Protein chains: 2
Amino acid sequence: MAGPKGSKYYNIFLKFKVWLENTKGESILGNGKFELIDGIDQLGSLKAAADKLGISYRKAWGMIRDAEEKLGFCLTEKHRGGQHGGNSVLTPEGKELIEAYKELLLEFDDAIYQITKKFFNKVNK
Amino acid sequence: MAGPKGSKYYNIFLKFKVWLENTKGESILGNGKFELIDGIDQLGSLKAAADKLGISYRKAWGMIRDAEEKLGFCLTEKHRGGQHGGNSVLTPEGKELIEAYKELLLEFDDAIYQITKKFFNKVNK
DNA sequence: ACCCGATATGTAATTAGAAACATAAGGTGA
DNA sequence: TCACCTTATGTTTCTAATTACATATCGGGT
């Protein structure tokens, strides 16, 4: 809860978001894409990752293309055809990126907790 | 710059955003509205603040109404008519809020700086 | 009484973004 | 060679979010 019961900011929350951006100010990838990439890592296919997140394959595919295009290198290695129709796995760079991002989130959560507390303290009389 | 020249993440940046949200997951106010409120504080009128931000009066007015509605208390005190047509000033609560927000941003910047350094270190080979 | 400039607000028009639809292509095993 | 499943991608349809347009109100000063 954001503040003590009855305070002005009771049940109001401070939220935040982090993402990577290029010099043009375009978003390269944020939480949604990270989750998708993580899903590919876990499940071994874009289709399966998309299903897990409840988004269409078309959308998921576009997300990956967009991210890789803007980064300038590939996060995934795709294979189509074959016994199971195809599959996708992370490149070493992709793997590195999600690992770093996971740690980033942890550290962020920590920092945020402190800052949030201070904010509501100040604002709640 | 995000990393050393030639590194994979050269000219890629970590960005963030903070905002207030209610229990329904609706955004109450973020950076745009804070800037507007700050403008009102500095310039003494919604019109002037809107002009400063390059947005229409109609839009600015809607932003304030929306924020106040969702917060459940007023951030501004509006007067219409009179010698100069009218004016708006911040309520004590409004003033408090932008002050707290400004400090919040500073602390956020600080945290981001630390975390960013670590992130790009890990990800740039 | 009227003018001015700012607040107040409904409605219509435009745009952007997301989701849905459709279809091709690739490779392995039956 | 055909079936199967996944990657690959263009096009179109919806929907949500902005922006634009149009007006009304208010009160001090001239």
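Everything numeric in this text was worked out from a predicted model, so none of it was measured. Note on naming: letters A, B, ... go to the chains in the order of the sequence lines (proteins, then strands), and numbering restarts at 1 for each one.
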*asked:* Taking A:Leu105 as the starting point, is it possible to reach A:Ile40 by hopping between hydrophobic residues whose side chains are less than 4.5 Å apart?
replied: yes
*What's the CD-C1' distance between B:Glu77 and C:dT7, to the nearest Å?*
14 Å
*asked:* Can you confirm whether or not the ring centre of B:Phe108 sits under 6.0 Å from the ring centre of A:Phe119?
replied: no
*Measure the spacing between CG of A:Asn124 and CD of B:Glu96 and express it to the nearest 0.5 Å.*
8.5 Å
*Take atom NE2 of A:His84 and atom P of C:dA30, then tell me their distance rounded to the nearest Å.*
11 Å
*Does a side-chain N or O from B:Ser88 land closer than 4.0 Å to OP1 or OP2 of C:dT7, or not?*
yes
_Could you tell me how far apart B:Met63 (CE) and D:dT18 (C1') are, to the nearest whole angstrom?_
12 Å
*When clusters are formed by joining ILVMFWY residues with side-chain heavy atoms under 4.5 Å apart, either directly or through shared neighbours, do B:Trp19 and B:Leu29 land in the same one?*
no
*Has A:Lys17 got its NZ or CZ under 6.0 Å from the middle of the six-membered ring of B:Phe16, at an angle within 45 degrees of the ring axis?*
no
_Any donor-acceptor N/O pair under 3.5 Å between D:dT6 base and A:Arg80 side chain_ = no
*Has B:Trp61 got a side-chain N or O lying under 4.0 Å from the OP1 or OP2 atom of C:dT7?*
no
*Do A:Thr76 and A:Lys78 have side-chain N/O donor and acceptor atoms under 3.5 Å apart?*
yes
*Does any residue of residues 28-59 of chain B have a heavy atom under 4.0 Å from DNA chain C, and if so, which ones, in number order?*
B:Ser45, B:Leu46, B:Lys47, B:Tyr57, B:Arg58
_Between the first and last five pairs of the helix from C:dA1-D:dT30 to C:dA30-D:dT1, the angle of the axes, rounded to 10 degrees_ = 20°
*Decide whether B:Phe73 and B:Ile64 are clustered together by the hydrophobic rule: side chain heavy atoms of Ile, Leu, Val, Met, Phe, Trp, Tyr closer than 4.5 Å, transitively.*
yes
*Are a donor atom and an acceptor atom from the side chains of B:Gln42 and B:Asp38 found within less than 3.5 Å of each other?*
yes
*Do A:Tyr101 and A:Asn31 have side-chain atoms, one donor and one acceptor, less than 3.5 Å apart?*
yes
*To the nearest angstrom, how far is A:Asn87 atom CG from C:dT28 atom P?*
12 Å
*More 5' along DNA chain D: A:Gly86 or A:Arg65, using each one's nearest nucleotide?*
A:Gly86
*Checking all strands, does B:Gly85 fall into the base, sugar-phosphate, or nothing category for heavy-atom contacts under 4.0 angstrom?*
base
*Pick the nucleotide of DNA chain C nearest each of A:Gly82 and B:His79; which residue has the one closer to the 5' end?*
B:His79
